[in-house]
Amino acid sequence: MRLSFLLLFSFFILSRGFSQNSLSGTITDAKDTKPIVNANVYISDLKVGASTDKNGKYSLQNIPGGTYVVQARLIGYSLKTATVKIEGSITQDFILTQSNTELHEIVVTGNSIASDPAKTPQSITEVTNQYLNENSATNVIDAISNIPGVSAMTDGQSISKPVIRGLGYNRVLTVNDGVQQVDQPWFDEFGIEADPNAVDRVEILKGPASIAYGSDAVSGVINLIPEKPLPEGEIKGEFLNNYQTNNGLVNNMFDVKGTNHGISWSGRVDYIMAHAYQDKYDGYVLNSQFSNFNIDGTIGLHRNWGYTQLHASYFEMATGIVDGTRDSLTGNQLLAVSYPGLNGGQPTYVFPTNQQLKSYTPLVINQLIRHTKVVWDNSIAVGNGRITGIFSYQKNQRQENNDPTIPNTSDIYYLSNAATYDLRYVSPQMGGFNISGGVNGVYQASQSLGTLMLIPNYNLFQIGIFAIANETLGKITLSGGLRYDTRTFNGIDHWVDSLQSPVPANTPGGIHEFQGFTSHFNGASFSLGAAYNITKNIYLKGNIARGFRAPNVAECGANGVHDGTVVYEIGDPTLKPETSLEEDLSFGINSKDVSIELDAFYNNINDFIYAKGLKSVFGGDSINNSLNAAGLGAAPVYKYVQGKAALYGGELALDIHPSAISWVDLYLSASVVEGGLKSVPDSVKYLPFVPPIKITADLKFPFRKIGNGIKNAYIKVGMIDCFQQSDVYQQYAIYTGLNTAQTPFEYAASKAATAGYILFNAGLGGDIQSKGRTYVKIYLMVNNLINTPYMNYMSRFKYYPVNYTTDRVGVFNMGRNISLKLIVPLDFTK
């Protein structure tokens, strides 16, 4: 960190003599050649932009020299980009074409420079700010779960884990505010600590991205991108209010931002709360309520030598954990409590009151998650190239209280302190060629401060060195990279007594719960691909990439009962890293009437890590009784082992927007993924959370203007068709303690296919304005329009206890939900 600071400081001093460069021009309408007012021009690599004046003119002054992708955009027009070499005073005009399709941007994920997605060999999907506003969700991963190739493994409405092409957990890497999110992604009930109000748009890289990000990106990357700095001289704000009827969700957010004399700044505060959600069969789902609080701020300095920017945020979520226990006579859900005068103070179950069902405060069982983050982002010009450095400190605190006899004591409490670093050099554009290279990695130290321990205390350090090159030869863009990673993982020695309390080493009667160990994981990655623009509007892309993933802490160090299951897990510090080899092929068309992209992939993974049930010497399941004294009971024993796996499939995205009928836009998508473990019995060959085939359809009627008071209006109807999932993980019954004797209904459900379903939705919205000023933006959305009861295969509630009055197993997903979102833009610019 000290070396990085000295390098950046040195370049800051040297840069004081840099020459003055500027970019200016005019933006006009292709239809009538009139100037376009308030269009935005932005250079992503420099984090700097400008707006057009009443004459359609823009100007960017005092910027570093170099070759950059410049984008011009405005709602109601298609995005226009140009690759511009900035040296001295440069003029670049743009002509924008009217369009009612979503306003996309250039992509930055997995690249050292911003790029046109049609010229990027990897499969990258952008989720626009317009899409996020027009669709309702309860968390940021839920908001993108219907994107082709993406799904979410859920624990109710507050916790969602991203899954890309059938893989999740530590195989999908989340980037937030430009840095890797460092928390505890290995655990079933641990979601992503990200504020949905702080996300401007999302980029999803599907396929191995180890070249840029190192370990954990073998299946892809979810990049949560914050809003851009404002153009020079502007000060703006925004007030957001969102209410949802099904769960009583209330979301209030206020932010303000500005840029003056090259100093950009922003601040945001928001609070989200929701009571238990409802469905047709279960009524209110007991203890599914949650609340989020977020505060963040950014300050940046932009000069002719580049920029430096500091961002800080604090995110806190309190959420209930659904238990699913029911009364056998009524089928109603029961609440775990402990009262001194009832059952001797031992845990017992009672019927919840109406107030508890509708409470916004989580009951026991619950989680409290806090994530503190500071990010320092820098770009320093070196000639026409640049050095970039982005560093972060992250503190993650995750507590779970699940014992009603000690409701304020955390059974699980993981405290993580981490730092990430990324230092690289980006060369100037040399003809059609550029290259970048550098080092990045992470340090993490984690402690378990709760009364129960599944994993040891640990620390890890990873460093990777990489190089990425791009070459444009006429219509062909070639891209490739090499990387080598090394990770050192230290598990800390730990002793406990019979009640799981920590004791000194070698204490008489003590249990050596975790033996200290040090593991070294090394791996090489590569990527090679090409994008061929057959014509101006038709492209073909292909990529082959090798990914690398080091074992996580549970896989190499677990020794205890996995909370939320009845399984005793054993890790293995001698496991090898996973390596994947994926081939991707994409075909696309972008025209004034239709956009289509068809993606196909095959992902072959060696040394795939999974939990395997062990057998006893007597032929049955191996059972561990060592924690009976702590009240945890006997548990089947699973150990992490390795094998081979393969997944294959593809995605289709089709957008029909005929230019002759500008008020019609039809969007269709389809996703399919198949595969599992190789050379294993049928009972274990399928992986637990591989999503079924999914088809979506949205018919939208956009209107640029309705009278003098409404702009950017739309009405839409949609459908989501999730097919039956027949490729079921057959050992799920053992993993969740189901058997034919005590839980016959749940056991049968876990062995059978999960039924498919079709959901319908509808929405409308628009901007209310007067005399050119927008006063409020309105988004009304109805999900699950006809209140269909359904069970998502990706829900961890699908095998929860049976309702004996109906013989239905599990807790169902959310019923009809009406969402009203109001955004009030504020303009303080003088």
Side-chain angles (χ1 to χ4, degrees), residues 27-31 33 44 67-74 76-85 92-111 113-126 128 148-149 203 205-207 429 431-434 469-480 527-544 583-601 650-662 664-670:
I27 301 180
T28 54
D29 192 312
K31 185 177 181 178
T33 70
S44 181
T67 301
Y68 306 100
V69 176
V70 183
Q71 63 180 8
R73 60 195 298 273
L74 181 67
Y77 292 85
S78 297
L79 172 73
K80 194 76 172 182
T81 65
T83 300
V84 182
K85 183 177 181 180
Q92 176 66 51
D93 297 331
F94 292 94
I95 300 174
L96 302 187
T97 303
Q98 293 185 11
S99 172
N100 287 321
T101 61
E102 287 185 17
L103 188 59
H104 291 271
E105 300 191 30
I106 57 177
V107 296
V108 297
T109 307
N111 302 303
I113 59 173
S115 306
D116 184 335
K119 297 180 181 180
T120 303
Q122 298 95 336
S123 178
I124 300 179
T125 299
E126 182 199 3
T128 66
E203 290 181 1
L205 191 156
K206 292 175 281 189
Q429 196 79 14
F433 178 79
N434 68 75
N470 300 279
E471 173 76 24
T472 300
L473 302 169
K475 296 182 177 181
I476 299 178
T477 299
L478 302 174
S479 180
S527 178
L528 181 63
Y532 176 48
N533 288 281
I534 301 171
T535 68
K536 180 181 179 181
N537 300 318
I538 303 174
Y539 62 87
L540 182 67
K541 304 195 296 184
N543 195 68
I544 182 170
E583 299 89 25
D584 289 271
L585 186 64
S586 302
F587 172 78
I589 299 174
N590 285 320
S591 73
K592 64 178 183 178
D593 296 315
V594 64
S595 299
I596 183 173
E597 181 164 299
L598 178 63
D599 302 317
F601 72 93
E651 301 92 35
L652 170 68
L654 172 63
D655 191 349
I656 301 173
H657 44 271
S659 56
I661 315 175
S662 61
V664 175
D665 187 356
L666 175 62
Y667 176 81
L668 302 168
S669 76

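- Closest non-hydrogen pair, Thr97 versus Ala30, comes out as OG1-CB, 3.9 Å.
- When side chains are defined from C-beta on, Leu652 counts as touching Ile596, because their heavy atoms get closer than 4.5 Å.
- Taken to the nearest 0.5 Å, the CG atom of Asp665 stands 4.5 Å off from the CG atom of Asp655.
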| Trace of the side-chain contact (heavy atoms from CB on, under 4.5 Å) decision for Ser595 with His657 | CA-CA 8 Å; Ser595 299; His657 44 271; 3.3 Å; yes
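- In this structure a side-chain-to-backbone donor-acceptor pair under 3.5 Å is missing from Asn533 to Tyr539.
- Counted by atom type alone, Tyr77 and Asp29 present one or more donor-acceptor pairs between their side chains at under 3.5 Å.
- Contact record, Ser591 with Asn537: CA-CG, 4.3 Å, taken as the closest heavy-atom pair.
- Proximity of Glu597 to Ser123: side-chain heavy atoms (C-beta onward) are separated by under 4.5 Å at one or more points.
- Distance check: Glu203 CD to Ile124 CD1 gives 6.5 Å after rounding to the nearest 0.5 Å.
- In Ile95, the CD1 atom is not crowded: 12 or fewer heavy atoms of neighbouring residues, nucleotides or ligands sit closer than 6.0 Å.
- Across Pro148 and Ser669, no two heavy atoms sit closer than the pair CG-CB, 3.5 Å.
- In this structure, Leu654 CG and Leu598 CG are separated by 10.5 Å, a value rounded to the nearest 0.5 Å.
- Between Asp116 atom CG and Gln71 atom CD the span is 10.5 Å, to the nearest 0.5 Å.
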- Would you sort out whether Ser479 and Thr120 count as a side-chain contact (heavy atoms from CB on, under 4.5 Å), showing the intermediate values? CA-CA 8 Å; Ser479 180; Thr120 303; over 6 Å; no
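- Contact check for Asp599 versus Asp584: no side-chain heavy atoms found under the 4.5 Å cut-off.
- The shortest non-hydrogen separation linking Ile534 to Lys475 is O-NZ, 3.3 Å.
- A pairwise comparison of heavy atoms in Ser78 and Leu96 identifies O-CD2, 3.9 Å as the closest pair.
- With rounding to the nearest 0.5 angstrom, the CG atom of Asp593 is 10.0 Å from the CD1 atom of Ile656.
- Using a 4.5 Å heavy-atom threshold, the side chains of Ile538 and Phe587 count as touching.
- One finds the CD atom of Glu651 at 7.5 Å from the OG1 atom of Thr125 (value rounded to the nearest 0.5 Å).
- Residue Pro117 comes nearest to Lys541 through the heavy atom pair O-NZ, 3.1 Å, listed as atom of the first residue, atom of the second, then distance.
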